[in-house]
Amino acid sequence: MNAYTPKTIAQYLDMLKDALKGADSSMIRDALYDAEEYLRSELAANPGVSEAELLARVANSYGAPEEVADIYRDTEITVQKALTPPKKPAQASAFKRFFAVAVDPHTYGAMFYMLLSLATGIFYFTWVTTGLSMSAGLMILIIGIPFFILFMASVYAISLVEGRLVETLLGVRMPRRPLYQAKHSGWLDRIKALFSDSRTWLSLMYMVLMLPLGIVYFTLAVALLSLSVGLIAAPVLWWMAQLGWVSFHGHFHMGTGSLDPALAAPFLFAGGILLLFTSLHVMRAIGQWHGRFAKHVLVESGAD
Amino acid sequence: MNEVDPLVRKFQKELSAGTVSFLLLAQLAKAEAPLYGYQIAKQLEQDGDGVLSGKQSALYPVLRNLDAAGLLQSEVEPSVAGPPRRYYRITEFGREVFSAWRNTWQQTQTLVNTVLEGAPQ
């Protein structure tokens with residue numbers, strides 16, 4: 001730090017400028033201005049002290065150039081943050097917001113969740129019906145009760161896994177750890193807690209419900225996507241065929257019988273784009289709704 | 001000692017980050033005439049070492065930011081000694097904010113003192 005002590009105010013300012021290299025240029029100007037004001041005032045306040053001696057002293061009051069540079073960088077950031085009220089998010093136009101859905105990761109998470117929900121729905125439903133009916137069937141034997149308990153524990157575990165899925169894809173914060181249980185409680189207490197927690201039963205219901213929901217979600221996602229992609233692709237292919245870039249074997253039909261394809265094509269294309277983005281909105285909304293639903297059923301309902 | 005030193009400095013830094021604006025506002029609320037940076041720095045230096053020692057340069061950016069936030073107002077006047085000086089005075093809004101900050105400070109002070117009471121040296 002003291003490898004090189006400035007001898008004149010001009011040298012000090014040069015060193016400060018060097019130390020601030022790369023910083024915001026108006027901040028550099030402010031820093032130099034402040035330093036000069038301070039140093040010149042100090043000089044005026046101490047007549048008879050040489051400039052070099054004064055600058056050596058200044059390192060302890062005002063700070064050496066490097067220190068001053070650091071302070072300016074830090075203070076600028078901290079104070080700026082503390083004193084400026086948080087900015088209101090820029091209000092995007094309705095047009096922008098409509099199309100911005102395509103760059104929102106939640107949209108694709110929701111889309112993927114809807115496509116996946118058929119598979120998970122079938123699995124959950126099968127698991128629950130099999131587990132319940134086997135438990136009922138085995139109830140007359142001694143292993144019926146432990147089997148039922150194990151099955152209910154598995155329902156609880158699956159609800160945690162589903163929570164992970166919902167959080168990753170739908171962006172709703174879900175628990176990452178099992179419910180807290182007193183460390184030294186016996187296994188009987190734990191079983192009692194499992195069965196007296198309404199969330200366990202609601203998870204069971206959720207898993208059954210996931211089959212119809214999954215069917216609806218999957219169908220909706222596939223239908224909306226394929227319809228809009230089809231609407232967009234048809235005129236494009238038609239135009240390409242007109243240009244002779246592609247040729248179709250067989251019959252290529254577009255539009256209603258009375259409508260001229262050349263006239264219908266732009267409308268179909270625009271309609272397809274509109275439908276695609278509307279579908280993205282619908283899927284994102286469904287994702288949000290399902291996220292809230294899952295959180296309510298799996299987490300919040302029995303919260304004590 | 002070597003292990004404690006950096007932690008002391010860190011503590012000082014955090015404290016000063018929290019109090020510099022408040023101190024400057026207090027200084028200017030007391031002042032009868034507008035003050036410029038150097039004067040404010042020297043007055044604070046006289047009042048004691050504490051958290052601001054060795055970093056009077058830290059005051060200037062804070063003054064500027066208080067000015068920008070409307071707590072202070074400033075004007076530039078030429079000086080014989082060097083570059084023109086920027087004189088700061090507190091605004092009505094600044095006084096309002098100051099008294100609110102003062103309440104917060106007093107509450108904090110009471111809390112800290114209460115907690116410190118009876119703690120071994």
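Chain letters run A, B, ... following the sequence lines, proteins first, then strands; residues in each count from 1. The analysis underlying the following values was restricted to heavy atoms, covering all of them including side chains, and did not include hydrogens, waters or symmetry mates.
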Please check if the number of heavy atoms outside [X] that lie under 6.0 Å from its [atom1] is greater than 12.
X        : atom1 : value
A/Phe112 : CZ    : no
B/Gln109 : CD    : yes
B/Phe93  : CZ    : no
A/Lys17  : NZ    : no
B/Gln106 : CD    : yes

Under 4.5 Å to a heavy atom of chain A? For B/Ala68 that would be neither
Pair A/Asp34 + B/Arg86: basic N to acidic O under 4.0 Å | no
Does the side chain of B/Tyr38 pick up a donor-acceptor pair with the side chain of A/Glu37 at under 3.5 Å?
-> no
Separation of A/Tyr62 OH from B/Leu59 CG (nearest 0.5 Å) = 8.5 Å
Which value, rounded to the nearest 0.5 Å, describes the distance between A/Asp30 atom CG and B/Asn65 atom CG?
-> 9.5 Å
Kindly indicate whether the side chain of A/Tyr72, heavy atoms from C-beta on, has any atom under 4.5 Å from the side chain of B/Ser57.
-> yes
Under 4.5 Å between any side-chain heavy atoms of B/Tyr60 and A/Tyr33, yes or no?
-> no
Steps toward side-chain contact (heavy atoms from CB on, under 4.5 Å) verdict (B/Arg85, A/Ser41) | CA-CA 10 Å; B/Arg85 288 168 182 158; A/Ser41 305; 3.8 Å; yes
